[in-house]
There are 2 protein chains.
Amino acid sequence: MPGNRIAKPTERRAGLYLRELQMLQRQGVETIPSSTLGAILGFSDAQVRRDMAELGMAGKPGRGYQVAAMVETLQTRFGIDRTWMVSIIGVGNLGRALAGHQGFWRQGFRCVAAFDRDPSVIGSKISGVRIHGIDQLEEILKKTGTELAILAVPAGEATSIADRIAKTQVSGILNFSPVTLHPTRGGLEIVQVDVSLEMQRLAFAVVNASPNR
Amino acid sequence: MPGNRIAKPTERRAGLYLRELQMLQRQGVETIPSSTLGAILGFSDAQVRRDMAELGMAGKPGRGYQVAAMVETLQTRFGIDRTWMVSIIGVGNLGRALAGHQGFWRQGFRCVAAFDRDPSVIGSKISGVRIHGIDQLEEILKKTGTELAILAVPAGEATSIADRIAKTQVSGILNFSPVTLHPTRGGLEIVQVDVSLEMQRLAFAVVNASPNR
DNA sequence: TGATGTGAAAGCGTTCACAGCG
DNA sequence: CGCTGTGAACGCTTTCACATCA
């Protein structure tokens, strides 16, 4: 049933399913069994079937799952059937790259505004979007109808800006700043991404790697 | 005991601990109880104590944990007490941003080479590092003693390049490409980061958000 | 007293295994 | 026959609760 709450691990895998299924669809694959899909993504077949059931998708015994139907269901669940208004806050190296990132703005996300503190970039455009001063944050977020914010500012500024965002209509923050943000208000979702941290995780994994066979 | 195997969830949190403890250290904090550290990062105090025990760190009853000692222990576990040689493969928007990303190259990681397919950028430099043609991959990876590779190429090229990397001495890949890579050889660690996927996850979380109080 | 360290219990998520269906 | 859907078993994490220690 599609009314369920989805578990965090399933939520994470759902994105991978969608990405892969879209690719399969482009290749003309119409139907796929859980075992094959699992092999591509590194999951067990049982895992895939559990996830599909949780996400409200049914397969056919003897045949597998229908790719097109899965893509549609997942897109709906992801809210990709509609367009999200997104603003980028902090136009440094990373913010700039995200603004121009291929595929970022092709799945139902539209960049409607950018912000920075640096006066030398305010007023200019980036990937066709105007850069505003951070002092106009609330005003422009409201005017543009921003629903999701990408936060890519230095550590020192992240928390205070997040607090300001939390008081607007924005319902989600994708946080690239090296600070742990807490949802200060109900209804504000936060996803943390710290590329330096991932790099460290890789180093950690290598150092603590199993003395494998 | 520092010889233990560390569980994945603990490994993930370890990076957050280090980041936060380094900040506390800069602020002159010498000692901190598990409850306070947990509150900052959004973990329970019990969680923090379990993790510390697993990572081989002891606190003092009535006082808490020593920040300096924790930082040092974690840095050793992360292999940050030494310098990792890193190459960036794919100098598009994202690769370029990572090459110049603050804090990325300040924690024991040194960028020693970059690669791209596009002839118009080959030979030029990015953040002081020369860009090589992708055909020289194996040669340059070896010459520079690259240990970790950052993969930021289009979906179609990721798998084949990863296979080539797997045959070298490189021991880890940080994969930003929108493809799931499988460790083809033992000893090769892979960490996946897909910013588009994280964006989708955020949208998903907002759509499926609890009808909170 | 204030906080650690840790058995024991609880909670989750994954895997197993197999009945059931196209 | 091939593959789904799922109860039950399993194993891994987290939380609880409290003896212990500076």
Side-chain angles (χ1 to χ4, degrees), chain A residues 1-17 21 24 29-70 73-74 180 201 204-205 208 210, chain B residues 1-17 20-21 24 29-70 73-74 180 182 201 204-205 208 210:
Chain A
M1 289 149 201
N4 287 343
R5 178 114 309 110
I6 306 296
K8 272 284 153 57
T10 307
E11 181 180 307
R12 185 178 301 271
R13 287 189 295 270
L16 291 167
Y17 289 130
L21 288 165
L24 289 166
V29 178
E30 289 179 6
T31 214
I32 190 170
S34 58
S35 55
T36 307
L37 183 53
I40 295 173
L41 294 168
F43 309 145
S44 72
D45 56 336
Q47 177 81 83
V48 173
R49 291 197 299 277
R50 275 265 189 256
D51 287 340
M52 292 308 147
E54 191 174 352
L55 291 163
M57 299 182 293
K60 288 188 198 151
R63 297 238 169 278
Y65 295 83
Q66 289 212 310
V67 175
M70 293 166 106
T73 303
L74 284 170
T180 300
R201 230 180 85 204
F204 191 115
N208 295 43
S210 50
Chain B
M1 288 151 201
N4 286 343
R5 178 113 309 112
I6 306 295
K8 271 285 153 56
T10 308
E11 181 180 309
R12 187 178 297 271
R13 286 189 296 269
L16 291 167
Y17 289 131
E20 201 56 48
L21 288 165
L24 289 165
V29 177
E30 289 178 6
T31 215
I32 189 169
S34 57
S35 55
T36 307
L37 183 53
I40 295 172
L41 293 168
F43 309 145
S44 72
D45 55 336
Q47 176 82 84
V48 173
R49 291 198 298 277
R50 275 268 189 254
D51 287 340
M52 294 306 147
E54 191 174 352
L55 291 164
M57 300 181 292
K60 288 186 197 154
R63 298 238 167 279
Y65 295 83
Q66 289 212 311
V67 175
M70 295 165 103
T73 303
L74 284 170
T180 298
H182 304 283
R201 230 180 85 205
F204 191 115
N208 296 44
S210 49

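Taking atom CE on B:Met52 and atom P on C:dT6, their separation rounds to 14 Å, with Å as the unit. Put simply, CG on A:Asp51 is 17 Å from P on C:dC12, counting in whole angstrom units. Rounded to a whole Å, the CE atom of A:Met57 is 10 Å from the P atom of D:dG5. Straight-line distance from the CZ atom of B:Arg5 to the P atom of D:dG11: 19 Å, rounded to whole Å. Rounded to whole Å, atom P of C:dT14 lies 14 Å from atom NZ of B:Lys8. Nucleotide D:dC18 holds its P atom 15 Å from the CG atom of B:Asp45, rounded to whole Å. Separating the CG atom of A:Leu37 from the C1' atom of D:dT4 is a distance of 14 Å, rounded to the nearest angstrom. Rounded to whole angstrom, the span from the CG atom of B:Leu41 across to the P atom of D:dT14 amounts to 14 Å.
Of the residues near DNA chain C, B:Ile32 and A:Thr10, the one whose nearest nucleotide (by heavy atom distance) lies more toward the 5' end is B:Ile32.
Proximity of A:Ser34 to the phosphate of D:dC3: no side-chain N or O atom is located under 4.0 Å from OP1 or OP2.
By the 6.0 Å contact criterion, CZ on A:Arg13 is enclosed, its count of non-hydrogen atoms from other residues, nucleotides or ligands being greater than 12.
With sequence neighbours excluded, the residues satisfying side chain to side chain donor-acceptor pair (under 3.5 Å) with B:Ser34 are B:Arg49. With sequence neighbours left out, A:Ala7 forms a side-chain contact (heavy atoms from CB on, under 4.5 Å) with A:Pro9, A:Thr10, A:Glu54. The ring-ring contact (aromatic ring centres under 6.0 Å, His included) check on A:Tyr65 picks up nothing, with sequence neighbours excluded. With sequence neighbours excluded, no residue satisfies salt bridge (Lys or Arg N to Asp or Glu O under 4.0 Å) with B:Arg50.
Using modelled atom types, no side-chain atom of A:Thr36 and backbone atom of A:Ile32 make a donor-acceptor pair closer than 3.5 Å.
Annotation: proximity of residues 61-68 of chain B to DNA chain D (heavy atom, distance under 4.0 Å) is found for B:Pro61, numbered in ascending order.
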Anything under 3.5 Å between a protein N or O and an N or O of nucleotides 15-19 of chain C, put it in a table, one pair a line.
from: C:dT15; atom 1: OP2; to: A:Ser44; atom 2: OG; distance (Å): 3.1
from: C:dT15; atom 1: O4; to: A:Arg50; atom 2: NE; distance (Å): 3.1
from: C:dT15; atom 1: O4; to: A:Arg50; atom 2: NH2; distance (Å): 3.2
from: C:dA17; atom 1: N6; to: A:Arg49; atom 2: NH2; distance (Å): 3.3

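Using a 4.0 Å heavy-atom criterion, one finds that A:Arg13 contacts the sugar-phosphate atoms exclusively.
Smallest separation of non-hydrogen atoms from B:Ile6 and B:Glu11: CG2-N, 3.9 Å. Closest of all the heavy-atom pairs between A:Thr31 and A:Val67 is N-CG2, 4.0 Å. Heavy-atom minimum distance, A:Tyr17 versus A:Gln47: OH-O, 4.2 Å.
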